[in-house]
Enquirer: 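One structure coming up, written as structure tokens, with questions to follow.
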Amino acid sequence: MKKIAVIGAGTMGNGIAHVFAQTGFQVHLIDIAQASLDKGLATITKNLDRMLAKETISEADKKETLDNISTFTNLKNGVTGVDLVVEAATENLDLKLKIFKELDDLCGENTILATNTSSISITHIASVTKRPEKVIGMHFMNPVPIMKLVEIIRGYSTSDEVTRTIMDLSKKLGKTPTEVNDYPGFVANRILMPMINEAVETLYNGVAGVAEIDTVMKLGMAHPMGPLQLADFIGLDVCLSILNVMYDGFKNPKYAPCPLLVNMVMAGKLGVKSGEGFYDYSESRKAEHVSTQFR
């Protein structure tokens, strides 16, 4: 396996492209917008510069990593001749089904199709292809260059061979792959999102304020960041989408998103990426100031 295509140059996509390129793979980074590709490459360069400053890589390593990445706005050109495609587009079922249907038509018959989905059924995604045995989930954690875990999710028809290949590949990237089965939210988000949702409910019910809730979880439970800060970092729209997937999948009211979370997403208060969520990021990307509405 030498050539990898990554679809989507956003936060997850450029991170995935970064780790593959740094490990020596030829990476085709694909996005419909050239501006997104330029921004993605700029992020990769900035992250490499940070590693260079810490002396964890050399200038030659940086150059080689960047040289390993080619960008494409045309899907057909981007996936031609690749051994693996990792889809990292927006967490939207209809969009992913459309992409995988196209990939099935465009890619060689031996190409493995992976998705970085954080909650959507691998079996459902695989159902629109003629190669369900070669469709698998590779759920990387954010920030990808730093976080070690990759959830490897088998769909109903994913073959043992493909699973072994992707597990071994993840290890080559310096990651720790963990195999899980295909149920809504998998393991990471099935546990994480109800906690975040409960933190939002705790705020909604007036039990404590934003900073107080996060402080309890950081100092009392040794979490590196509080659940409300983490929700802002992930994106409140992404949190809502994952909760809706689990609620639809399990029909269990414990996964129903808090009305406050729903309203904040509708109001465009999405966290770090929009400049405001539970915290105000207008002056800094760090969670230093609680949003005015929660003071």
Side-chain angles (χ1 to χ4, degrees), residues 1 3-8 10 12-13 16 28 30-32 74-141 150-170 177-193 237-252 255-257:
M1 194 169 282
K3 286 188 178 180
I4 313 294
V6 179
I7 298 176
M12 297 305 294
I16 294 167
H28 293 183
I30 307 166
D31 200 290
I32 57 172
N74 181 281
L75 183 62
K76 181 179 180 180
N77 293 342
V79 300
T80 298
V82 302
D83 305 300
L84 168 69
V85 179
V86 182
E87 171 272 318
T90 306
E91 191 74 348
N92 177 285
L93 174 61
D94 291 338
L95 176 61
K96 291 186 187 296
L97 295 180
K98 178 177 180 292
I99 289 171
F100 271 77
K101 194 170 186 339
E102 290 182 35
L103 289 175
D104 193 45
D105 292 335
L106 295 173
C107 294
E109 61 179 16
N110 294 320
T111 303
I112 296 172
L113 306 181
T115 173
N116 182 58
T117 180
S118 54
S119 61
I120 295 171
S121 167
I122 308 304
T123 303
H124 193 167
I125 291 172
S127 70
V128 299
T129 76
K130 302 180 190 72
R131 65 182 87 193
E133 74 285 352
K134 290 186 173 67
V135 178
I136 194 166
M138 287 186 82
H139 179 209
F140 290 84
M141 304 293 129
V150 183
E151 273 189 309
I152 306 299
I153 307 104
R154 295 181 66 132
Y156 188 83
S157 302
T158 307
S159 72
D160 291 340
E161 181 185 358
V162 165
T163 303
R164 281 193 300 270
T165 297
I166 297 303
M167 293 283 283
D168 291 343
L169 177 64
S170 299
T178 303
E179 184 181 335
V180 305
N181 290 319
D182 188 18
Y183 291 94
F186 315 133
V187 172
N189 282 318
R190 185 168 179 174
I191 295 170
L192 175 63
M193 287 302 155
D237 53 336
V238 175
C239 293
L240 179 60
S241 174
I242 295 168
L243 283 164
N244 280 330
V245 167
M246 293 196 294
Y247 184 49
D248 291 342
F250 291 116
K251 302 296 189 288
N252 188 325
Y255 299 113

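Just so we're clear, the structure is a prediction, and the values are computed from it rather than from any experiment.
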Enquirer: Which salt bridge (charged side-chain N to carboxylate O under 4.0 Å, His left out) pairs, counting each pair once, include a residue from residues 80-90, with sequence neighbours left out?
Expert: Glu87-Lys96

Enquirer: Would you find a donor on one side and an acceptor on the other, under 3.5 Å apart, between the side chain of Thr158 and the backbone of Val135?
Expert: yes

Enquirer: Would you check, one step at a time, whether the test side-chain contact (heavy atoms from CB on, under 4.5 Å) holds for Leu75 with Leu106?
Expert: CA-CA 8 Å; Leu75 183 62; Leu106 295 173; 3.9 Å; yes

Enquirer: Do any N or O atoms from the side chain of Thr117 and from the backbone of Gly137 form a donor-acceptor pair under 3.5 angstrom?
Expert: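 No.
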
Enquirer: Can you list the residues that meet the ring-ring contact (aromatic ring centres under 6.0 Å, His included) rule with His124, with sequence neighbours excluded?
Expert: none

Enquirer: Could you check if a side-chain atom of Lys134 sits within less than 4.5 angstrom of a side-chain atom of Thr111, using non-hydrogen atoms only?
Expert: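 No, their side chains stay 4.5 Å or more apart.
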
Enquirer: How many angstroms lie between atom CD1 of Ile242 and atom CD1 of Ile120, to the nearest 0.5 angstrom?
Expert: 9.0 Å

Enquirer: Atom CZ in Arg190, atom OG in Ser118: separation rounded to 0.5 Å?
Expert: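 So the CZ of Arg190 and the OG of Ser118 are separated by 15.0 Å.
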
Enquirer: Partners of Phe250 by ring-ring contact (aromatic ring centres under 6.0 Å, His included), sequence neighbours excluded?
Expert: Tyr255

Enquirer: Under 3.5 Å, side chain of Ser170 to main-chain N/O of Ile166, donor-acceptor pair present?
Expert: yes

Enquirer: Is there a donor-acceptor contact under 3.5 Å from the side chain of Glu179 to the main chain of Arg154?
Expert: no

Enquirer: Can you tell me which residue pairs pass the salt bridge (charged side-chain N to carboxylate O under 4.0 Å, His left out) test with a partner in residues 120-129, sequence neighbours excluded?
Expert: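 Matches after skipping sequence neighbours: none remain.
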
Enquirer: For Glu151 and Ala188, indicate whether the former's side chain and the latter's backbone hold a donor-acceptor pair under 3.5 Å.
Expert: yes

Enquirer: Test your reading of the model: is there a side-chain donor-acceptor pair from Thr90 to the backbone of Asn92, 3.5 Å cut-off?
Expert: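 No: the side chain of Thr90 does not pair with the backbone of Asn92.
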
Enquirer: Only counting residues at least two apart or in another chain, list the ones meeting side-chain contact (heavy atoms from CB on, under 4.5 Å) with Asp182.
Expert: Ser121, Ile122, Thr123, Ile153, Phe186

Enquirer: At what distance, to the nearest 0.5 angstrom, does OG1 of Thr80 lie from NZ of Lys3?
Expert: 9.0 Å

Enquirer: Strictly distance-based, threshold 3.5 Å: is any side-chain N or O of Asn116 a donor or acceptor partner for the main-chain N or O of Val86?
Expert: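 No, Asn116 side chain to Val86 backbone: no donor-acceptor pair under 3.5 Å.
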
Enquirer: Could you grab the distance from atom CG of Leu113 to atom CG of Leu103, nearest 0.5 Å is fine?
Expert: 5.5 Å

Enquirer: To the nearest 0.5 Å, how far apart are NE2 in His28 and CD1 in Ile4?
Expert: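 CD1 of Ile4 is found 10.0 Å from NE2 of His28.
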
Enquirer: How long is the span from the CG atom in Asn189 to the OG atom in Ser119, to the nearest 0.5 Å?
Expert: 6.5 Å

Enquirer: For residues Met1 and Ile112, determine if any side-chain heavy atom of one lies less than 4.5 Å from a side-chain heavy atom of the other.
Expert: yes

Enquirer: Under 6.0 Å from the CG atom of Leu95, do we count more than 12 heavy atoms belonging to anything else shown?
Expert: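 Above 12, so yes.
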
Enquirer: Partners of Lys98 by salt bridge (Lys or Arg N to Asp or Glu O under 4.0 Å), sequence neighbours excluded?
Expert: Glu102

Enquirer: In sequence, state the C-alpha distance, the side-chain angles, and the governing distance for Met138 and Thr115, and then conclude on side-chain contact (heavy atoms from CB on, under 4.5 Å).
Expert: CA-CA 6 Å; Met138 287 186 82; Thr115 173; over 6 Å; no

Enquirer: Quick one: closest heavy-atom pair of Asn77 and Asn74, and the distance?
Expert: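 Looking at all heavy atoms of both residues, the shortest contact is N-OD1, 2.8 Å.
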
